[in-house]
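Convention: sequence-line order gives letters A, B, ...; per-chain numbering from 1. Hydrogens, waters and symmetry mates are skipped; everything else that's a heavy atom, side chains included, is used.
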Number of protein chains: 2
Amino acid sequence: MENQQIKVAVDAVVFGYHQQQLHVLLIKQKFGPFKNTWSIVGGFVHNNEGLIVAIKREIKEETNLDIQYLEQLYTFGDNPKRDPRAQVIAVAYFALVNSLNLNPTADTDALEAQWFPINQLPNLAYDHQEIVALAKKRLQAKIVYQPVGFELLPEKFEFSQLEQLYCCILERDIDRRNFRKKMLRLEIVSETNEISKKNAGRPGKLFSFNRIKYSELVELGQPLDLF
Amino acid sequence: MENQQIKVAVDAVVFGYHQQQLHVLLIKQKFGPFKNTWSIVGGFVHNNEGLIVAIKREIKEETNLDIQYLEQLYTFGDNPKRDPRAQVIAVAYFALVNSLNLNPTADTDALEAQWFPINQLPNLAYDHQEIVALAKKRLQAKIVYQPVGFELLPEKFEFSQLEQLYCCILERDIDRRNFRKKMLRLEIVSETNEISKKNAGRPGKLFSFNRIKYSELVELGQPLDLF
DNA sequence: ACAAAAGTGTTAATCTTACACCCATGT
DNA sequence: ACATGGGTGTAAGATTAACACTTTTGT
């Protein structure tokens, strides 16, 4: 084998949901060719480090957020010059966090970290715009057959929040009655005995995601059509 | 950045269909820690080479087959010791070829290349068994919403062949009438004016995949439920 | 009493599934 | 004439989509 010069990086598109909007977490580069440009979180894989371990480490280092859901998205490496400094292939992940009560704190590397609404992103470093676009597409596709939406919400939530979240991700209206029926029929959301009183109007019951029931459905190989 | 020692490989699970069975193309390793063990096709990425280019080169070099369909599958690199010699991450692809008239010819590297029925695979090198299993799962999932099955058939085919192929990939029975109705309703298969006469019994019309119609459907964002 | 959001059923249309007999050809 | 596989329609059941009024609370 010739002496391969290729570097391996991991990057993650971290999604959060708050203020009725889907957000992406970005950090501002402090060094390198894209100094002062916003980018998604990520970095190089260490020697003898697995990819998942690497991306978790990077997210932890750069943002201090607790990841709820993480899956591999795509590996970017068709253009050997996507990084101007050297040939770098990036294994991209997509992550969901419950961002409601969490502010990402820029960490040891003193990077700025900030949530941006998905439809109001600044210019991004490298090919990160493409990565974010793909992640958004994947989230939209995924949410209709796997209940990943819950990972973006707090443990207990109102039905209207869940509905809002779906609208917002799918970028279209949803029929409230049909939505509720579907979710309740599958029994993957359970009523709690708590009641929300934050909003105006009639208070709503709080619900929670029934992970046990969901696992059962998955075991049975039931394809769940949420839409 | 510390001096990263990680190598990047590309591997492909190449599927073919003949003798009423789904097959995977394997090659026999001539060197290295898995000498004489069967493995999927692949190899290291060259410097300044894109990933797609690399995998196409490897497939060409090792088998001489014409690839009909190629997509990225998953990147394997969570276990830094998956290759006993060094830390190697493998970007895995899955490929479909029309294998009916083609024998893979072991090529310049004098490797043996051979089709194996998907359910009768030998022991495989590295974590290739896992890669093949994932590719199979992906193919099964994919074929119900994207008509990739056609890539495994010749240009013109009998309806029964298509049906057989679906049965074989999904590993279950399919209702002939409903299947035909669905395919014809979507207009992605077109009748040709040729007639097959290979088999016993009443000769069947030959059909072809209507790529133009299919592109139109995709443009319209029509989600096509083939099942 | 009014504003605001929660909660709730029915109907029509569509899609899916199950199912069996006749047809064209070769031997 | 018989064996083999090709070709076709219908009816019942399930799912989805569309749609509007009543309830509970705070002000």
Side-chain angles (χ1 to χ4, degrees), chain A residues 19-20 143-145 147 153-154 156-168 170-208 217 220-227, chain B residues 18-21 143-145 147 153-154 156-168 170-208 217 220-227:
Chain A
Q19 294 155 349
Q20 321 247 71
I143 207 171
V144 308
Y145 68 89
L153 292 175
K156 296 179 180 176
F157 51 85
E158 294 161 67
F159 229 105
S160 57
Q161 285 179 277
L162 185 58
E163 200 187 299
Q164 245 299 315
L165 171 64
Y166 268 77
C167 286
C168 178
L170 295 173
E171 295 176 320
R172 62 180 173 81
D173 288 348
I174 288 173
D175 184 282
R176 282 170 57 218
R177 281 174 285 191
N178 293 340
F179 181 75
R180 178 184 274 248
K181 255 182 289 176
K182 209 171 304 190
M183 289 290 169
L184 290 175
R185 178 149 40 86
L186 290 167
E187 300 180 76
I188 56 174
V189 287
S190 309
E191 208 174 302
T192 68
N193 44 22
E194 288 176 60
I195 286 187
S196 154
K197 42 195 155 244
K198 291 169 215 157
N199 302 335
R202 174 174 173 175
K205 291 176 193 149
L206 290 178
F207 293 81
S208 66
L217 290 178
L220 294 171
Q222 295 255 2
L224 36 151
D225 260 351
L226 307 177
F227 279 90
Chain B
H18 46 265
Q19 293 155 350
Q20 321 246 72
Q21 287 212 293
I143 207 170
V144 307
Y145 69 90
L153 292 175
K156 298 179 179 177
F157 50 85
E158 295 161 67
F159 229 105
S160 57
Q161 285 180 277
L162 185 59
E163 200 186 301
Q164 245 299 315
L165 171 64
Y166 269 76
C167 285
C168 178
L170 295 174
E171 296 175 318
R172 62 180 172 82
D173 287 348
I174 287 174
D175 183 281
R176 281 169 59 218
R177 281 175 285 194
N178 294 338
F179 181 74
R180 178 184 275 249
K181 256 180 291 176
K182 209 171 305 191
M183 289 290 168
L184 290 175
R185 179 149 37 87
L186 290 167
E187 301 178 77
I188 55 175
V189 289
S190 309
E191 207 174 301
T192 69
N193 44 21
E194 288 176 61
I195 287 188
S196 156
K197 43 193 154 244
K198 291 168 216 159
N199 302 335
R202 174 173 172 174
K205 291 177 192 147
L206 290 178
F207 293 81
S208 66
L217 290 177
L220 294 171
Q222 294 256 3
L224 36 151
D225 260 351
L226 306 178
F227 279 90

With B:Glu191 as partner, the option from B:Arg180, B:Lys205, B:Lys156 fulfilling salt bridge (Lys or Arg N to Asp or Glu O under 4.0 Å) is B:Lys205
Check the distance between [N]'s [atom2] and [X]'s [atom1] and give it to me in whole angstrom.
X        : N      : atom1 : atom2 : answer
B:Asp173 : C:dT17 : CG    : P     : 14 Å
B:Leu184 : D:dG6  : CG    : P     : 14 Å
B:Glu158 : C:dT25 : CD    : P     : 14 Å
A:Ile174 : D:dA18 : CD1   : P     : 13 Å
A:Met183 : D:dT16 : CE    : P     : 12 Å
B:Phe179 : D:dG7  : CZ    : P     : 13 Å
A:Gln164 : C:dA6  : CD    : P     : 10 Å
A:Arg180 : C:dT10 : CZ    : C1'   : 17 Å

When the ring centroid of A:Phe179 is compared with that of A:Tyr166, is the distance short of 6.0 Å? yes
To the nearest 0.5 Å, tell me how far [X] [atom1] sits from [Y] [atom2].
X        : Y        : atom1 : atom2 : result
B:Leu186 : B:Lys181 : CG    : NZ    : 13.0 Å
A:Lys182 : A:Leu184 : NZ    : CG    : 12.5 Å
B:Ser208 : B:Ile188 : OG    : CD1   : 11.5 Å

Just to verify, what does A:Thr192 make a side-chain hydrogen bond (donor to acceptor under 3.5 Å, both in side chains) with, not counting sequence neighbours? none
Summary of protein contacts for nucleotides 19-27 of chain D, nucleotide by nucleotide, where a base hit scores B, a sugar-phosphate-only hit scores S (4.0 Å, heavy atoms): BB--BBB--
Which residue lies toward the 5' end of DNA chain D, B:Phe207 or A:Lys182, if each is placed at its nearest nucleotide? B:Phe207
Any side-chain N or O of B:Ser160 below 4.0 angstrom from OP1/OP2 of D:dG6? yes
